[in-house]
Amino acid sequence: MEKRKAADNWSAEPTRAFRVRVLRQDGPAQPSYWQRFSIAWEPDMNCISVLQKIAAKAETIDGQRVAPVAWDCNCLEEVCGACTMVINGRVRQACTALVDQLLQDRPEEIELQPMKKFPVIRDLVVDRSRIFVSLQKVRAWIPVDSYLDMGAGPRQSQDVQQLAYLYSKCISCGCCLDACPQFIKIELYREPGESTEAYEARLREANYRAFMGAHAIAQVDLFNSNPIGSMTANERLDALIAEGGIQVCGQAQNCVKVCPKGIPLTTAIGRGGRAATKHIVKKLFDR
Amino acid sequence: MAKPSVMIIGGGLAGSAAAMKLAELDCAVSIMSFAPLKRSHSCCAQGGINSVNELTRQLGDHEGKHFEDTVYGGDFLQHQPPVKELAEWAPRIIDLMDRLGVTFNRTPEGFRDQRRFGGTLYRRTAFAGATTGQQLLYALDEQVRRWEVTGHIRKYEHWDFLAPILDDQGRCRGCVAQDMITMEIRAIPCDALVLATGGCGLIFGQSTNSLACTGSADSRLVQAGARYGNGEFIQVHPTAIPGADKLRLISESARGEGGRLWVPRTPHDPRPGQDIPERERFYFLEERYPKYGNLLPRDIATREVFKVCIQEGLSVQPDRPCVYLDVTGLPRDVLDRKLGGVLEIYEKFQGVDPRITPMKIFPAVHYSMGGLWVDYEATAQGGLRIESPRHQHTSIPGVFAIGECEYQYHGANRLGANSLVACLFSGLTVAPGIINYTTTLPAGLAAEQSSTLFDRAAYKENSRFQTMLARPTGGPSVFSIHAELGQLMTKYATVIRHNADLAQAYERVSELQEEAEACSLSDTGQWANQEVFFARALEDMFPLAKIILKGALARDECRGAHYKPEFAFPEITATDPIDRRREAVEWCEHFEENNRKWLKTTIATLDAEGEPRLTYEAIDTSLLAPRPRLYGILGGEIIEEVWKEREAAKQLAGSR
């Protein structure tokens with residue numbers, strides 16, 4: 001509340017402009033560079049409205065005409081996960097990054113950078129297909145027999161539902177991955193003459209073998225706790241102990257600190273680790 | 001024989017449901033989306049999904065009542081067989097979603113919990129916290145991923161649909177699309193094209209819609225000759241948070257769980273909402289509509305909020321219109337377990353805890369009841385033959401439409417929590433009809449068509465793209481034109497409409513359309529050029545904006561979300577019983593006369609100059625006779641009494 005009050009006082013100067021520094025990059029394998037913009041302050045701004053203003057003006061603080069900054073967004077209410085970027089050094093969604101609060105913490109300027117662990121496509125747009133490859137790898141779905149009418153799903157206690165809901169709120173934004181020291185950026189470039197399909201297949205293969213990260217480990221717990229999902233728990237545990245699996249986790253615990261949805265990722269990693277150990281032992285004896 | 005190939009445009013609830021069902025039926029499925037499917041606008045749906053359930057059944061509810069509430073709430077503007085079928089499928093659809101792992105809230109005994117939503121007296125709405133759309137979408141996204149791994153579904157994520165490819169007979173044989181990163185334009189053959197592209201909120205500038213909801217895909221289909229139905233029916237949701245970039249929805253579930261709308265009795269009372277004593281609060285919906293209270297259909301609730309703020313001057317704040325949505329009286333457990341998601345949104349964006357302080361809200365454009373016209377085939381029992389190739393088929397052979405982008409289920413006003421069920425129903429049931437359509441294709445499958453058909457289509461879009469990049473500088477910016485379009489549409493074509501305003505708005509929108517075609521791009525690059533996609537979407541907003549305005553201008557009546565005060569029926573004001581009865585008789589006669597004229601679907605098409613042409617089509621009301629929609633209007637009891645007598649007399653006359 002204290003913060004809010006201070007921001008209100010600050011807003012008594014409506015003509016004030018503030019500066020925004022953006023790390024830009026024209027395309028993959030291109031050098032990155034900073035550009036500064038001056039934005040007229042208005043009430044209730046967030047980083048989305050800042051980027052909209054940059055696009056509409058397309059002019060730097062020095063009056064240089066530039067192409068609008070490219071960035072991803074869709075829902076603007078922190079449910080779609082699209083607008084994730086690094087704002088004042090912290091990975092988060094641009095929509096809930098409110099300008100007054102940011103200026104309160106750092107009045108001189110707001111700094112926008114693309115996520116650091118994903119290849120830049122252009123400016124603040126990154127390629128996060130790796131997130132979805134790891135969801136393929138851990139088979140994050142309920143393998144129902146068919147979509148025919150077979151009646152309701154199994155009954156569940158409120159506690160089980162509440163826990164599952166916590167995990168299933170994951171918006172696949174990639175914050176937990178960007179903050180993870182064990183999650184190493186993979187960047188492959190298109191070969192001359194390579195088709196989109198061939199490039200994507202090559203990238204997918206590399207992503208498939210690399211560390212899956214906290215979000216995917218939590219999804220294993222989600223689906224293995226589901227009564228139908230638990231029937232195929234071993235498949236997910238196999239993926240969890242394969243190359244790029246849970247053993248790569250270094251327990252830095254950064255993931256849980258940056259998750260915008262408050263998902264208990266370290267709890268999921270702990271549970272995943274125990275399940276993985278049991279699974280390995282069981283496999284030894286089943287041989 | 002080769003498998004039929006189906007291209008789905010849009011990866012929200014409807015598109016994903018269609019994709020997984022088509023994959024199960026062994027079609028070669030492709031699905032195209034602006035973004036990864038999981039980031040589609042369906043994730044913004046909050047409150048829940050309606051169906052009759054075991055609990056409501058024991059209180060006398062049945063599918064027929066869900067059908068009736070939907071039709072009555074929609075002011076009888078829907079063809080009835082599709083709605084009947086929808087209501088019958090709804091319980092099974094929720095069962096399926098339950099099996100797919102959707103984290104529906106539970107009762108202490110472990111059953112799915114339900115809450116009440118607007119326009120019904122039953123607790124029909126299943127929900128997963130207050131992010132039900134997100135949870136449903138994720139379950140489908142997961143199923144699509146499952147089929148992607150087995151090679152049944154191919155995704156085109158970060159692609160924009162540009163146009164259908166029609167052969168000489170006007171039959172769809174594929175589509176042209178553009179990769180939003182590499183900017184490659186490609187013609188992709190398919191035997192059936194399914195549009196599942198959602199709403200068109202961006203035409204109104206700011207709305208509760210996501211930024212992908214431009215309506216451009218619908219517009220591109222209309223420009224290719226498709227018919228568009230009931231475009232003028234736009235739902236304005238009563239409760240949203242005003243914002244600089246977006247109007248964020250506060251779900252109807254906040255009221256479903258017991259939240260109340262009120263304003264201070266003293267205009268602009270400066271005290272914080274929580275400090276204003278009970279007796280100084282005006283619960284305007286509860287006082288005026290004792291039966292439904294805070295859970296009226298959205299069109300009526302929205303008009304009441306408007307009325308209380310603007311006509312009666314009782315807005316909470318003097319500088320901007322808003323009313324309180326108060327959930328502070330609800331138990332903490334209900335707030336956290338059932339409404340957490342929406343309350344978080346309010347807290348994150350307003351910096352105020354709605355558990356302690358009443359929320360300040362105002363209506364916002366939310367949903368398009370209108371959309372691409374689609375066909376259906378009724379059975380003798382008044383339901384649907386869903387395996388019919390006509391099911392969900394647009395007026396262009398080979399193009400189907402499902403979800404919010406079509407017009408079929410909600411009439412003049414959609415009930416809360418009916419959109420998710422309509423998306424899933426149309427998405428799941430479109431598959432068998434598509435397969436039957438593709439097995440009877442004249443001149444073979446798309447893959448067997450001459451390559452010149454596809455080359456020509458790609459060439460045309462490529463030229464349009466290059467022309468855009470080559471536009472001279474110095475013209476207006478796409479963003480300023482979009483801002484003006486949005487302001488015009490919001491001001492003149494939302495809650496209260498007047499013919500003079502609509503006519504004026506139409507003229508200005510026509511001028512803006514020309515300006516948009518001449519606007520300059522500040523980005524002329526050939527890599528991930530977002531401005532190109534927005535500029536093209538903006539141009540394509542105009543045909544739909546004109547369809548909305550023209551439809552609204554032509555429709556001289558009040559029906560559901562379409563409200564023109566000039567044509568509102570007078571309420572019954574007489575106090576003398578004889579006068580009251582006479583007024584009620586006149587009211588009923590007026591109602592019948594109006595229905596003869598306007599109980600019709602508006603069908604819009606574009607003429608050779610790109611201007612909308614309107615025609616009207618009779619509505620199938622064979623299952624439930626239209627009757628006055630009397631949610632708490634003044635004198636409603638006497639109108640209802642007179643109406644019933646007249647109906648009984650008619651029946652008697654008919655049976656003689």
* Asked: Just wondering, do A/Glu78 and B/Arg248 contact through their side chains at under 4.5 Å, heavy atoms?
  -> no
* Structure fact -> Cut-off 4.5 Å, heavy atoms of chain B, and the answer for A/Val160 is neither
* To do: Below 4.5 Å from any heavy atom of chain B, which atoms of A/Ser146 appear? Answer side chain, backbone, both or neither.
  => both
* Asked: So, A/Tyr147 and B/Gln143: side-chain donor and acceptor under 3.5 Å apart, yes or no?
  -> yes
* Asked: Of all heavy-atom pairs between B/Gln530 and A/Val69, which one has the smallest distance, and what is that distance?
  -> OE1-O, 4.1 Å
* So how far is it from A/Lys53 NZ to B/Asp245 CG, rounded to the nearest 0.5 Å? -> 10.5 Å
* Count the heavy-atom pairs under 4.5 Å between each of A/Gly229, A/Cys95, A/Pro43 and chain B, then report the option with the highest count. => A/Cys95
* **Pairwise side-chain contact, A/Ile142 with B/Arg99, heavy-atom cut-off 4.5 Å (strictly under)** => no
* Asked: Side-chain contact, heavy-atom cut-off 4.5 Å: B/Leu211 with A/Cys73?
  -> yes
* Checking A/Asn46 against chain B: side chain, backbone, both or neither under 4.5 Å from a heavy atom? -> side chain
* Asked: Salt-bridged, A/Asp159 to B/Arg106, with N to O below 4.0 Å?
  -> no
* Asked: For the residue pair A/Pro68 and B/Glu531, what are the closest heavy atoms and their distance?
  -> CG-OE1, 3.8 Å
* Quick one: OG1 on A/Thr96 to CZ on B/Phe349, what's the gap to the nearest 0.5 Å? -> 5.5 Å
* Asked: Based on non-hydrogen pairs under 4.5 Å, which of B/His41, B/Glu157, B/Lys21 is most in contact with chain A?
  -> B/Lys21
* Asked: With respect to chain B, which residue among A/Val79, A/Asn74, A/Ile48, A/Val144 yields the maximal number of heavy-atom pairs within a distance under 4.5 Å?
  -> A/Asn74
* Closest heavy-atom pair and its distance - A/Gln161, B/Thr103 -> NE2-O, 2.9 Å
* Please determine, among A/Gly151, A/Ala82, A/Ser129, the option with the most heavy-atom pairs under 4.5 Å with chain B. => A/Gly151
* Would you mind checking which part of A/Ala140 comes under 4.5 Å of any heavy atom in chain B, side chain (CB onward), backbone (N, CA, C, O), both or neither? => backbone
* To do: State plainly whether the residues A/Glu197 and B/Arg186 are in salt-bridge range, i.e. N to O under 4.0 Å.
  => yes
* Residues B/Glu142 and A/Arg139 bridged, charged N to O under 4.0 Å -> no
* Asked: Are the charged groups of B/Glu109 and A/Arg155 less than 4.0 angstrom apart, N to O?
  -> yes
